[in-house]
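Bear in mind that the values here come from a model prediction, so they are computed numbers and not experimental data. Just so you know, ligand 1 is whichever comes first in the structure, and atom 1 is the first atom listed for that ligand. Because only heavy atoms are used, hydrogens play no part in the values below, and waters and symmetry mates are left out as well, while side chains stay in.
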Amino acid sequence: MLNIKIFGIVQGVGFRPFVKNLADAHKICGSVANKGSYVEIFASGSDSDLKNFLDALQTQNPPRSAILKVDVNHLPDKNFADFQIIESVHEAGDIFVSPDIAICEKCAAELFDPTNRRYLHPFINCTACGPRLTILKNMPYDRERTSMSDFPMCDACKAEYFDKNSRRFDAQPICCNDCGCEVYIIGKNLRGHDAIKFSRKILANGGIVAIKGIGGFHLACDARNFSTVQRLRNSKTRPTKPFAVMFRNIEAVKRECHLSAVEKIFLDSPQKPIVLLEKKLPSSIAENVAPNINKLGVLLPYTPLHLLIFDFPDDIKNSPEVLVMTSGNPSGVPITVDDDDAIKNLECDAILSHNRKILLRADDSVMDFIDNRPSMIRRSRGYAPLPIFFDGTNKKSVLAIGGELKNTFCLAKNNLLYVSPYIGDVSDLRTVEVLKKSIERMGNLLEIKPEIIACDLHPRYQTTILAEKISTKFQIPLIKIQHHYAHILSCMAENNFHGEVIGVAFDGTGYGDDKTIWGGEFFICDVKNYERVDSIKSFVQAGGDKSAREGWRIALSFIKDLDVARELNLADEKNLRGVKFLLDKNINCVRSTSVGRLFDAVAAVLGICKVSTYEGEAAMKLQACAERSDKKFRADFRNTDEIFAEILTRRLNGENILDLARFFHESLAEMTAQICEELSLKSKIKTVALSGGVFQNSLLSSLTFDNLNRCGLKVLRHELIPPNDGGICLGQAVNALQN
Ligand code: ZN
Ligand code: ZN
Ligand code: FE
């Protein structure tokens with residue numbers, strides 16, 4: 001007889017019925033039980049049947065489940081008459097909380113089936129789909145520990161909930177048109193279907209509707225209506241940062257975007273992330289949805305309410321087939337989750353809300369693809385809080401509080417590292433409050449009480465200040481970890497790599513050991529220690545925070561000559577003179593090795609973007625230009641100063657700016673590989689880890705991988721953990737586990 005323990009996302013995804021069916025098919029007797037953190041199976045049968053059963057368990061598991069580890073032990077045989085599902089018992093141990101899961105095909109079919117008793121029910125769900133993390137108070141995952149505890153089940157739902165053969169057996173958020181939650185329009189006496197029809201009418205007429213979803217409110221409007229999109233931009237004070245769009249279905253996506261096989265799999269997966277897809281031209285999507293970039297953030301409907309917004313059977317004509325779907329929040333503040341805040345914060349023509357409480361925020365995840373592999377940009381709904389396995393030298397519980405921008409935090413116990421959903425920009429004090437509450441809630445949920453706390457080295461990050469407070473209050477040791485080392489560690493952790501690497505961190509801004517700004521660093525490191533062995537050539541950033549937004553300032557610091565700056569029309573005379581003065585007198589100046597700022601400077605010199613209105617704007621536009629050039633360059637530069645000087649000369653000679661954007665990417669990738677090759681020869685290390693926000697740039701990443709591979713080096717890269725600051729909490733946690 002075999003005793004099999006399966007760890008992972010095996011709760012709330014129909015795992016036990018799956019095991020039972022498989023056992024019956026393979027003539028296996030025994031039992032399966034939900035142990036809170038794992039599923040335990042006792043299986044008795046012939047050797048060959050057992051082997052097939054074990055294989056099938058791991059290869060045919062339900063699509064929404066995720067097996068992280070399987071323990072198999074042989075026990076003396078016992079006589080079972082059949083195969084049984086045993087009632088749920090919570091046992092202490094490693095906890096795997098399921099992320100929220102998009103509506104499944106069966107529920108979607110029932111939603112539009114007039115004979116079904118859940119016809120047009122905006123909260124239809126089953127054992128394989130629906131909200132999880134965002135409605136959960138405590139483990140184990142049972143109805144009374146979710147925000148569904150406010151809603152008693154009707155008899156019909158109760159019968160399904162307790163029926164082992166039902167698709168809704170043990171489905172905690174189960175409800176129907178006779179029981180459970182309800183949608184409504186705030187401030188109007190419109191509930192249920194009337195509320196949905198009202199919202200559809202507003203959207204069809206060019207209005208903006210705030211819609212409460214799984215992890216927070218969205219602001220939605222017709223993505224083909226230029227003036228409505230502009231109104232949304234003005235009210236959000238978000239002049240150019242791209243909006244994501246939700247298409248009615250995959251056919252609608254294909255009409256507007258190029259969609260590869262692998263992109264389709266992820267776009268339509270149970271996680272339903274936003275996937276960055278290349279626009280087909282000409283496009284019918286309003287130009288101001290994602291101005292001046294050739295990609296579009298696309299997602300598919302993932303809640304029953306989304307489906308009803310697109311396809312409710314009423315007589316509304318010209319209901320939009322593609323909606324802007326942007327997080328409902330004032331800029332810099334976390335996504336709105338309750339009605340009071342929605343009324344206060346969201347400028348729109350109607351608010352479509354519902355009475356199922358959101359207990360933990362979860363923004364949409366955002367994913368790009370590089371060389372047909374995923375490249376996560378924001379890891380949140382659908383993915384958090386799936387843990388990463390990584391062995392430490394200690395087994396302490398850790399809270400790693402993350403960075404300042406794109407903040408996420410990480411809780412770790414027993415070598416399992418749980419990265420939180422996206423929190424946001426913690427320089428805003430309202431976000432700090434959300435961070436504090438989320439740490440508390442996730443700590444409760446995962447039953448983790450930190451014994452070590454880890455944070456960034458930056459003395460003025462709000463996260464550092466909060467970590468210091470928590471450390472003092474609870475008397476737990478605090479360790480501070482250099483920003484770019486944490487980036488590299490997060491990449492190593494994602495790849496479960498424990499050896500020595502050459503770490504390349506190309507990033508926007510991070511606090512260096514020497515108190516200057518780092519962001520173009522070469523390390524030799526392992527999980528315990530690091531040495532900064534090289535960096536890009538340093539330059540001067542003048543004008544504090546402004547220098548991070550205004551690339552022309554960095555460009556001027558490279559160029560130095562006012563006449564050249566004037567010729568390039570970098571800025572108006574007053575600003576040019578002002579910054580030149582700061583540079584000459586060394587006032588409000590810091591030294592920097594930030595590759596992010598180098599991108600800004602090159603974008604400014606090429607006239608592509610002189611001032612950014614959102615983080616990464618210049619780099620995105622520079623990449624978009626580079627991708628439109630098909631020139632190949634043989635570049636051979638020793639440092640970034642030489643690359644910049646060459647681009648400047650060619651620009652002044654009137655060369656094509658698309659080609660020069662391409663030239664910059666190729667030269668930087670080539671230089672990076674050369675430095676790594678030399679470091680590898682000296683150190684005998686054959687593995688390179690690439691991290692930092694700059695590697696979100698799929699062109700630079702792809703060129704760098706190719707060059708490194710050509711040098712015979714193995715490359716560790718990010719896939720499901722972001723290379724940007726959304727990943728550094730993981731790196732911090734890894735280091736904290738080594739002390
Ligand atoms: Zn379902
Ligand atoms: Zn019901
Ligand atoms: Fe960073």
Centroid separation under 6.0 Å, is that true for the rings of Phe169 and Phe162? no
Within His484, is some N, O or S atom less than 2.8 Å away from the Fe ion (ligand 3)? no
Determine whether the aromatic ring centres of residues Tyr302 and His306 are separated by less than 6.0 angstrom. yes
When you measure from the centre of the six-membered ring of Trp518, is the NZ or CZ of Arg532 under 6.0 Å away and within 45° of the axis? yes
Vertex the Zn ion (ligand 2), arms to Cys157 SG and Cys154 SG, rounded to 10°: 110°
On the 0 to 90° scale, with breaks at 30° and 60°, tag the His483-Tyr461 ring pair as parallel, tilted or perpendicular. perpendicular
Close aromatic pair by centroid cut-off 6.0 Å: Phe599 and Phe664: yes
Angle at the Zn ion (ligand 1), SG of Cys107 to SG of Cys104, rounded to 10 degrees, please. 110°
Taking the Zn ion (ligand 1) as the apex, Cys129 SG and Cys126 SG span an angle, rounded to 10°, of 110°
Which atom of Asp507 is nearest the Fe ion (ligand 3), counting N, O or S only? It is OD2
Restricting to N, O or S, what is the name of the atom of His487 that lies nearest the Fe ion (ligand 3)? NE2
To the nearest 0.5 angstrom, please state how far the CG atom of Leu111 sits from the CG atom of Asp311. 9.5 Å
For a distance under 2.8 Å, tell me if Cys175 has an N/O/S atom near the Zn ion (ligand 2). no
For the Fe ion (ligand 3), what is the closest N, O or S atom on Asp725? OD1
